[in-house]
Amino acid sequence: MITEYHAKYYANLLTQKSIGSTLDSLSQSLLNAAVDINPHQIEAALFAFRSPLSKGIILADEVGLGKTIEAGLVICQYWATGKRKILIVCPASLRKQWSYELSDKFGIDNEVLDTKYYNDYLRNGKLPFMQKKVVICSYHFVSKHIEAIKAHGFELAVVDEAHKLRNVYKKGSKTAHAVKDALHNVKKILLTATPFQNSLMELYGLTSVIDENMFGDSRSFRADYVNEGNYSELQERMSPYYKRTLRSEVKEYINYTKRLPLTQQFEATDAEQQLYNDISEFLRRENLYSVPTRQKMLTTMMIRKILASSTYALIGTLHTIKDRLKRLLNDEEYKQIRIEDILEADELELLDQEIEEDEHEDSDSEPEDGIDRKALVEEIETIKGFIAGALKITSDSKSAALLSALENAFLELPTLGANRKALIFTESTRTQKYLKEFLEENGYHNKIVIFNGSNSDRESNAIYQGWCDRNSYNGTLSGIKAVDRRMALIEYFRDSAEIMIATEAAAEGLNLQFCSLIVNYDLPWNPQRIEQRIGRCHRYGQRSDVVVVNFVNQRNFADVRVFTLLQDKFHLFNDIFGASDEILGQTDAIDFEKRILQIYQECRTEKEINEAFERLQDDMQIEIDEQLRVTKKQVLQNFDIDVQERLKLAKEQAGAFLNRYEHIFWELTKFILRDNAIFNDNEYSFQLSKPVSGCASGKYDLLSKKTDGIPYRLSHPLAQYVVQQASEFDLTSTKLTFEQDRSLLKITLPNYLKNTSGYMVLSTLDISAFDSEQYSVFTAFTQSGYYLTQEECEKLFLCAGTVEAGKIDIATNIRRNLANNAEQHVKSKLSEIDSRNLQYFREEEERIFRWEKDLIEMIERELDVVKRQIREQERYSRQAANLEEKATITRKIYELERLKRRKRNELAEREDEVGERRRGMIAELDKRMVKQTTSHDVFMIEWKLI
């Protein structure tokens, strides 16, 4: 058992702030994370805390190594230490995933903020960014609310898929420029597996987002590193801002399973193929009322995908289009069809960002001409004809093939040691409904759960209600219906159902490692979406090889070519790691989905389709230029040759650190709640007998040992109550006995401390300089005059203890001795911090001087070029064959002399300007260097170790 003195020290330790790249900088986040954390992830998070003066970093781990977890640890530590102005910027399709990761793994309140919710807050008189939650938003949202984001003063911004910003150095990258502007004064963590793809200048673009004064400017960077190839210097300058871990470096403790492809070929019936051909020709028409003018490309793409999905989904979409066209015919106020009128919510969510961007770019595009009523009537009749043709199709060849695919795949799973579970993906909720009914009629009755954006069908409601009833008293309910519905359906799939039919939009962020069979009923054209689908199951923690089933219509040559490209070039389905970073990165550069749509729209014959796909592959440059490959290796390679050994050591250190902090957290909880709870030390759980500080009674599990209880983490309100109670203890001097053998932890103390006694004082040191930090400083000595180290004192307080007496008087000479030595310890700690801060200062000062040098040397080089040109022209002048030639050269020399004078003036002006900016930056650093310190004694005791 511990004492009030233990408790007070423990509370200080659990709430103190540290800076720098030590594990103390992550203490709170490690106790709040409900996830197995790997050493490379801890290293990456610590890298973010390496210097309080840094304006940000790039985390560039290869795909699948958990960059989200790394950033989550940093976010969690910020949150736990009171820095709660945090922004996450990501593609629209990843917003939900981020939300669930923060809620589930770190217990952090967050909100996905889009333009609609933002405006709702403003209408209700509320400030959108002041809701005490982590804000998650899209790139487009940031670009539309630059000034509001700047005014709020965010303390941290995490930018996911940050390679979308790497062309910010180019004038045409509007969104990238807007995001850079909005986050100018915010500390940033950029997450990307591909920091540059086609040019080293893209790396310059990313670094300029973090700090535009990291390198001189784009001209000097190009001259020094692109043209000169000074890669070793570039790597050295990047090292404080860039960290990358390779999959080959972590294979010792992360075991990746394989992907096993299974292609399900089928042939559309004549009726199905004819309907497909007819609608394809219809979509190729120039002027259609069925397709919104503003989002023609996006709507056409989605109708084509629905056409390939199922006849059932197609009929529903055609009926919607027909009804909207009739309204357009009869209602002059109803100007035109919008994409929102045609597609369902889950389909729209896949296009969320694209729709916003299209509206932004084409906001003024309205049809100028009036409605051609004759053409509109004809179009309605055409749609009716399509509906009639679709209704005549009685046999669906694709769904019949699904039965065969499931049968074959389920036979394969036992040989892999996998559960009999299948995750079927479709992009259409109509197809989802059809497949559920079809499969239930063919042997899978009561074995299916569906998963979509609303999750509000009758069966899902029943599953949710049953889940709520079972978990109403164990603290599992979050109180957020959407989150709880997802959890209920996932658990139902895990424990009861064999098949989950999910829409892609809804399934973002799901972790389904218990499932090893993925069926791509509809195959997206975007390789990154396929990778995300497969990643729901094929991820860290998956114990079995994962079977990936893909459907290919053999009568549709374009479909065959798309599948071949995805399989053979992207290696999505048959590799341990899936698509490489390099190849996935190419899809951004060439707008892969739009190129595929263009082929479907423009090519009719096999020859045309073949030629178009060959051009696409050429444009992708899958065989990356060898020189660029060498450049990447030299610039981005991990330059720590002992990385595996270092990570092994980091794992051991992190494990020991976490064990110690969990022990402290657990013992503190036991002490404060001893009259209100029954504790089980074997399971690290406790039963709270009555509500405490508004927290429900019931079973609680320490987060890392969670089974069926309420997850108990440091950020939980009950834990905050525990820490607060201990922090408020007012302690007098007493006599304390430590018992080494009664600790749950194995504590090793030196033999010379056994059966000794002495005196001790605990002091707190608060420092405010570059950042706020707190430390607990021990001073202790034995009766024989031996002074204990800080580590030895900390170990004493990991031992059980008892108070042997009430308030005691400690002799004045002993108090004076303790006070003098405590003062020396504080001075020593301050000296250590001063040395560390001086190192931070020197790093920033060096960066600023090198930035200045980059700019000045660039102008000097340009001046040298002009001087060489003048000397060359003077030589030509002396060798001139006639007066006319000499006169022409003389005029050139005159112009070059004028240019030389301008360059000299520019050099002088730039030296003054840059020098002034440098002095301003260093003056700002000087201000932050000034520190304020306070120190006070927490308690003073006489102690004994037995």
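Sequence positions, counted from 1, serve as the residue numbers for this chain. What you are looking at is a predicted structure, and each value in this text was computed from that prediction instead of being measured.
- Shown here are the salt bridge (charged side-chain N to carboxylate O under 4.0 Å, His left out) partners of Glu281, two or more places apart in sequence or in another chain: Arg284, Arg604.
- Within the structure, salt bridge (Lys or Arg N to Asp or Glu O under 4.0 Å) pairs that include any residue of residues 453-465 comprise Lys436-Glu459 (at least two apart or interchain).
- Between Phe551 and Leu402, some side-chain heavy-atom pair lies under the 4.5 Å cut-off.
- In this view, Glu437 and Lys433 satisfy the side chain to side chain contact (heavy atoms under 4.5 Å, CB included) rule, not counting sequence neighbours.
- Residues forming a side-chain hydrogen bond (donor to acceptor under 3.5 Å, both in side chains) with Glu111 (at least two apart in sequence, or on another chain): Tyr121.
- Arg533 has its side chain within reach of Pro524: a pair of non-hydrogen atoms, C-beta onward, lies under 4.5 Å apart.
- Side-chain contact between His140 and Thr175 is absent, with no heavy atoms from C-beta onward closer than 4.5 Å.
- Here the side chain of Thr426 pairs no donor or acceptor atom with the backbone of Gln432 at under 3.5 angstrom.
- A salt bridge links Asp270 with Arg555; the closest basic N to acidic carboxylate O contact falls under 4.0 Å.
- A search for side chain to side chain contact (heavy atoms under 4.5 Å, CB included) contacts involving Thr605 returns Lys607, Glu608, not counting sequence neighbours.
- Relative to the six-membered ring of Tyr312, Arg430 misses at least one condition, a distance below 6.0 Å or an angle of at most 45° to the axis.
- Although no hydrogens or angles enter the test, the distance criterion places a donor-acceptor pair under 3.5 Å between the side chain of Asn461 and the main chain of Ser456.
- Take Phe557 and apply the ring-ring contact (aromatic ring centres under 6.0 Å, His included) test, not counting sequence neighbours, and it matches no residue.
- Taking the side chain as every heavy atom from C-beta outward, Leu616 and Leu565 approach each other to under 4.5 Å.
- Listed by chain and number, the residues in a salt bridge (charged side-chain N to carboxylate O under 4.0 Å, His left out) with Asp522 are Lys398 (sequence neighbours excluded).
- Atom CD1 of Ile88 is separated from atom OG of Ser138 by 13.0 Å, given to the nearest 0.5 angstrom.
- Between the side chains of Ser309 and Ser428, no donor-acceptor pair is found at a separation under 3.5 Å.
- Residues Ser399 and Tyr434 have side chains that bring a donor and an acceptor to within less than 3.5 angstrom of each other.
- The closest side-chain donor-acceptor pair between Asn110 and Tyr100, if any, does not fall under 3.5 angstrom.
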Going through the checks in order, is the side chain to side chain contact (heavy atoms under 4.5 Å, CB included) test met by Val562 and Ile599?
-> CA-CA 10 Å; Val562 170; Ile599 293 172; over 6 Å; no
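- In terms of the ring-ring contact (aromatic ring centres under 6.0 Å, His included) criterion, Tyr492 has no residue partners (sequence neighbours excluded).
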Anything under 3.5 Å between a donor and an acceptor, one on a side chain of residues 381-394, the other on a protein residue two or more places apart or in another chain? List them.
{"residue": "Glu381", "atom": "OE2", "partner": "Lys384", "partner atom": "NZ", "Å": "3.4"}
{"residue": "Thr382", "atom": "OG1", "partner": "Glu378", "partner atom": "O", "Å": "2.9"}

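- Side chain of Arg485 to main chain of Asn455: a donor-acceptor pair is present (N/O by atom type, distance under 3.5 Å, no hydrogens or angles).
- Side-chain polar atoms of Glu161 and His163 form a donor-acceptor pair below 3.5 angstrom.
- In this view, Gln274 and Asp278 satisfy the side-chain hydrogen bond (donor to acceptor under 3.5 Å, both in side chains) rule, not counting sequence neighbours.
- Shown here is Lys126, whose NZ atom has no more than 12 heavy atoms of other residues, nucleotides or ligands within 6.0 Å.
- Under the side-chain hydrogen bond (donor to acceptor under 3.5 Å, both in side chains) criterion, Asp323 pairs with no residue at all, not counting sequence neighbours.
- Between the side chains of Glu272 and Ser397, at least one donor-acceptor pair of N or O atoms lies under 3.5 Å.
- Note: Trp525 and Tyr600 have parallel aromatic rings, judged against thresholds of 30 and 60 degrees for the angle between ring planes.
- The structure places CD1 of Ile424 at 8.0 Å from CG of Leu517, a figure rounded to the nearest 0.5 Å.
- In this structure, Tyr444 has no side-chain hydrogen bond (donor to acceptor under 3.5 Å, both in side chains) partners at least two apart in sequence or on a different chain.
- Side-chain N/O atoms of Ser290 and Glu379 include a donor and acceptor closer than 3.5 Å.
- Ion pairing of Arg561 with Glu606 is absent here, as no side-chain N (NZ or NE/NH1/NH2) approaches a carboxylate O to less than 4.0 Å.
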